[in-house]
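In what follows, every heavy atom counts, from backbone to side chain, and hydrogens, waters and symmetry copies are set aside.
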Amino acid sequence: MKLQAALDALPYLLSAAGTTLWISLAGIALGQVLGGAVLLCRASRSRALRRAAAVYVSFFRGVPLLVQLLLVYYFLPYVGIDVPPLVAAIGTLGLASGAYVSEIFRGSLNAIPRGQAEAALALGFSSVSVWLHILLPQMLRISTPALVNELILLLKASSLISVVGVTELTRTSHTFAASTYRPFEVYITAALIYLAMNLTLAAFGALLERRLAVAG
Amino acid sequence: MDFSLFLHYGPSLLSGLGVTILCWAAGAALGIVAGFVIALLRRLPIPPLRWLLRALVEIVRGTPFLVQLYLLYDGGPAIGLRLADIPTGILALGIYGSAYFAEIFRAGFESVPPGQIEAALSLGMSPGAILWRIRLPTMLVAIVPSLTNMLIILSKEVVVLSVIAVPELMYQVQSMAAETFAAFETILALALLYWLMVELVSHLGRVAEHRVTAFMGAA
């Protein structure tokens, strides 16, 4: 063990950790949009839409993320779309987390008593304002802990995008490990950075949960 | 593309599937045994041991599997741990899984009503008999869904082993993709196969859940 090797790599690893963090945040933001859209499809009257949403969720939860990444990576040139690997990677993370987020949303929607929406409709709320004023605010509160958890999972999963050539924390530590011949120290440092990010996120999630909790 | 290619690559794909199943089964078995031991040890009234185990579980759960794999594979030799690729993969899966399984077993232990244990003690049952005949069967009902879920997660982590050249299914498919220039079709085939496998395992999990619940209901 040489501490110096870890210290030399630290500034580069930290800046790469920034990349990892914003990629994960972008992924979960996209995932929330997709998850919300999937939830609307699942709640819709059209049978085809409901079926399509169920297949989407089942596929992206059933196929390993690395396979999904390679699938998108090879699919885009196959149909003639040329985007940078970073965009493809964020897109795939978003697609994958969308499937999980839609399930989180579905769970939180089920946790809201049905009578509330019915009462609002009976009072003359439009279905849009039922969503905006009754369901969404509560769903957001109920799903926050699970969403923070999903962000942590995504942050760890984002290490896989190093395999398709995006330079983030894992890729940078791989390069450093190979060039310095100090893989043990470099990977331990990278692991500790991941751990620190995840513990911070978990603490932030716990704080949010307390803030959003309804008194009584 | 020419689908006879799949026939030509049949043997290597089959051996890849074999390695995938081997790594999955061995890694999961290792993870379940180690996780159970960790959960048991965490119940001992030795605070330093509990803190240490808790820290280990948090470290494993807080870091990406890929980084753990690189650490073991590239960093292992630096501290004198030299293993072939398949054993490295199995060990990595086992370590990764053990942290999650330990948490599942911990929750399982906590789900057993204390009254049952007190009743068993007052009937004169030994601690071993209580573990085997009261705690385990009762907690099994509570943890079967989480166990299935974790087994599915582990099966999906097996593809990550391709990164350190473990010749599992993903690795074989990637070599096939590189040789045939039909990358998209081969990866799509792999994705569909995985989807099928995961659906199958989660179906089996639901069957197991049903059986266990029915058994406990009858008892």
Open item on the list: Please determine whether the number of non-hydrogen atoms from other residues, nucleotides or ligands lying under 6.0 Å from atom CZ of F184(B) exceeds 12.
Closed with: yes
TODO: Please look at A177(A) and chain B and tell me whether the side chain, the backbone, both or neither of the residue comes under 4.5 angstrom of a heavy atom of that chain.
DONE: neither
- [ ] Heavy atoms only, distances under 4.5 angstrom: which of A202(A), A191(A), P77(A) has the most pairs with chain B? Name it, please.
- [x] A191(A)
Task: Interface residues of residues 44-73 of chain B facing chain A - heavy atom cut-off under 4.5 Å - done: E58(B), I59(B), R61(B), G62(B), T63(B), P64(B), L66(B), V67(B), Y70(B), L71(B)
Task: Value rounded to 0.5 Å, distance of CD1 in I152(B) from CZ in R61(A) - done: 9.0 Å
Open item on the list: Quick check for you: to the nearest 0.5 Å, what is the distance between F75(A) atom CZ and L188(B) atom CG?
Closed with: 9.5 Å
TODO: Decide if atom OH of Y12(A) counts as having more than 12 heavy atoms of other residues, nucleotides or ligands within a radius under 6.0 Å.
DONE: no
- [ ] Mind ranking Y73(A), F59(A), Y181(A) by heavy-atom pairs under 4.5 Å with chain B and telling me who comes out on top?
- [x] F59(A)
TODO: Output the residues of residues 190-203 of chain B for which the shortest heavy-atom distance to chain A is under 4.5 Å, in residue-number order; output 'none' if no such residue exists.
DONE: L190(B), A191(B), L192(B), Y194(B), W195(B), V198(B), E199(B)
Task: Part of residues 62-72 of chain A lying next to chain B, heavy-atom separation under 4.5 Å - done: G62(A), V63(A), P64(A), L66(A), V67(A), L70(A), L71(A)
Open item on the list: So for S162(B), is it side chain, backbone, both, or neither that comes closer than 4.5 Å to the heavy atoms of chain A?
Closed with: side chain
Open item on the list: If I measure from the heavy atoms of chain A, does V160(B) come under 4.5 Å with its side chain, its backbone, both, or neither?
Closed with: both
- [ ] Could you please state which residues from residues 139-161 of chain A sit under 4.5 angstrom from chain B, measuring non-hydrogen atom to non-hydrogen atom, sorted by number, or 'none'?
- [x] K156(A), S159(A), L160(A)
